[in-house]
Amino acid sequence: MGLLDKQFDDGNIVISSVEGVLNWARLCSLWQMSFGLACCAIEMMAASASHNDIMRFGVLPRPSPRQCDVMIVAGTVTLKMATRVKRLYEQMAEPRYVVSMGSCSNCGGPYWEHGYHVLKGVDRVVPVDVFIPGCPPRPEALLEGWMRLQEKVRNFTLVKEKGAPVGEKA
Amino acid sequence: METKQIFDFLSTLFPEVELLFDEEVPCIIVAREGIRDVALQLRDDEALRFDSLMCLSGVDGGDGSLQAVYHLHSLSLGHKLTLKVIVQADDPHIPTVEKVWRIADWHEREAYDLIGIIFDGHRDLRRILLPYDWEGYPLRKDYEVPEFYNGMKVPY
């Protein structure tokens, strides 16, 4: 994971940027909010179980939004739930990320036409960082999405480049 | 007991209540004024003993009528019966059977929530699935999906 690839043969000293260290620490301990909305949640739980073991990425399910870095929207977001999802997102401390898992939360899924009660894409209420396709996605797909998210965190920058807003590198 | 036998039995017992026997799908269509008395009789009669309301559904007939369908089961005698109450959509009132079978409480709330049948005398007739501020009854045939709900766009 970036830092540990470097050799330790120079007097136990590793040279890195502050950003590199901070981002490395953050991307290796992305805590997820433990809530699921539909069948995608079953695959999310399977990803936590021993076979796929998402905890090796430093993922820890937390029961409170205030302790979480990532919200995995796993399942159908009904309009009734959408207001709750939005509130949960607002209660998370920054920097916060959202993973939209499965067709339903990506775009409404099978409910796109006749689902009077389904939000057609969770990105209508909260900003989404990673979309994972599938109905439901297999745990491997969730792991792939998670690594994409880690890539995004790794490239996060706090240094303000001239004329660019704080955030991602250009 | 078969549906036809129960129908004949009820007809003699309640001459003032309008009862119809539907042969196609064996069931008894009850006028809404009589549903509560009929329900009580079905539950308490020694020969019938319908002690369980398996399901109460709301149906939109598609012709301006709304129906409540009662599926009854007698656990002790092992027979089943289907009752129907048909009302018009512009006057969707049916007396509640929630005090006859306690389980009807939530079933009637669901039928009210999605179809819009108003069960008179129900102790707590609120929406059960949809948010309280929802407008309209979505399982009606003439329901149109709203453009927005609480600022969220609903159509795809």
Side-chain angles (χ1 to χ4, degrees), chain A residues 33 35-41 65 71-92 96 98-129 131-136, chain B residues 55-69 87-90 92 105-119 122-156:
Chain A
M33 190 141 66
F35 82 110
L37 300 180
C39 32
C40 281
M71 176 162 77
I72 304 178
V73 184
T76 315
V77 186
T78 57
L79 292 168
K80 194 175 179 180
M81 191 65 197
T83 47
R84 276 79 166 166
V85 167
K86 194 173 176 202
R87 173 167 296 184
L88 286 170
Y89 177 77
E90 284 162 356
Q91 287 176 347
M92 289 165 71
R96 55 196 169 184
V98 176
V99 175
S100 168
M101 181 181 180
S103 294
C104 286
S105 66
N106 289 347
C107 62
Y111 310 100
W112 71 277
E113 192 175 10
H114 297 296
Y116 63 90
H117 60 303
V118 176
L119 188 70
K120 314 296 186 301
V122 76
D123 55 338
R124 289 188 182 182
V125 289
V126 293
V128 175
D129 295 282
F131 290 96
I132 304 173
C135 187
Chain B
C55 188
L56 191 162
S57 327
V59 178
D60 184 343
D63 53 357
S65 73
L66 301 176
Q67 310 175 0
V69 185
V87 292
Q88 292 305 307
D90 49 14
D105 184 348
W106 285 10
H107 286 263
E108 287 183 347
R109 279 179 63 187
E110 189 186 353
Y112 162 72
D113 193 359
L114 301 175
I115 294 284
I117 301 171
I118 296 162
F119 292 92
H122 191 285
R123 73 180 76 188
D124 183 27
L125 198 65
R126 285 178 293 142
R127 288 190 183 274
I128 189 169
L129 297 167
L130 294 167
Y132 294 139
D133 59 353
W134 194 271
E135 282 174 20
Y137 305 105
L139 291 194
R140 285 203 186 175
K141 303 274 188 205
D142 59 354
Y143 181 73
E144 278 179 24
V145 177
E147 198 66 25
F148 285 93
Y149 170 72
N150 277 351
M152 292 176 283
K153 188 164 171 274
V154 180
Y156 181 70

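Values below: every heavy atom of this structure, side chains too, minus hydrogens, waters and symmetry copies. In what follows, chains carry the letters A, B, and so on, assigned in the order in which the sequence lines appear, proteins first and then strands, with residues in each chain numbered from 1.
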Q: Is it true that a side-chain atom of A/S105 and a backbone atom of A/V73 form a donor plus acceptor pair closer than 3.5 Å?
A: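 Between the backbone of A/V73 and the side chain of A/S105 there is a qualifying donor-acceptor contact (under 3.5 Å).
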
Q: Passes side-chain contact (heavy atoms from CB on, under 4.5 Å), A/D123 versus A/F131? Steps please.
A: CA-CA 10 Å; A/D123 55 338; A/F131 290 96; 3.9 Å; yes

Q: Taking the side chain as every heavy atom from C-beta outward, state whether A/R96 and A/M71 have any pair of such atoms under 4.5 Å apart.
A: no

Q: Does anything in residues 76-83 of chain A get under 4.5 Å of chain B by heavy atoms, and if so which residues?
A: A/L79, A/K80, A/A82, A/T83

Q: Under 3.5 Å, side-chain donor or acceptor atoms of residues 137-145 of chain B against the rest of the protein: list the pairs with distances, not counting sequence neighbours.
A:
| residue | atom | partner | partner atom | Å |
| --- | --- | --- | --- | --- |
| B/R140 | NE | B/I115 | O | 2.6 |
| B/R140 | NH2 | B/I115 | O | 3.3 |
| B/R140 | NH2 | B/G116 | O | 3.4 |
| B/Y143 | OH | B/W134 | NE1 | 3.2 |

Q: Please tell me if the side chains of B/D133 and B/Y149 come closer than 4.5 Å, counting only heavy atoms from C-beta onward.
A: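 Counting from C-beta outward, B/D133 and B/Y149 do come under 4.5 Å.
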
Q: Please tell me if the side chains of A/V122 and A/Y89 come closer than 4.5 Å, counting only heavy atoms from C-beta onward.
A: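 No - every pair of side-chain heavy atoms lies 4.5 Å or more apart.
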
Q: Chain A heavy atoms under 4.5 Å from B/P146: which part of the residue, side chain, backbone, both or neither?
A: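 Contact with chain A is absent: no heavy atom of B/P146 under 4.5 Å.
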
Q: Given a strict heavy-atom distance threshold of 4.5 Å, which part of B/L129 is in contact with chain A: side chain, backbone, both, or neither?
A: backbone

Q: To the nearest 0.5 Å, what is the distance between OH on B/Y112 and CZ on B/R126?
A: 11.0 Å

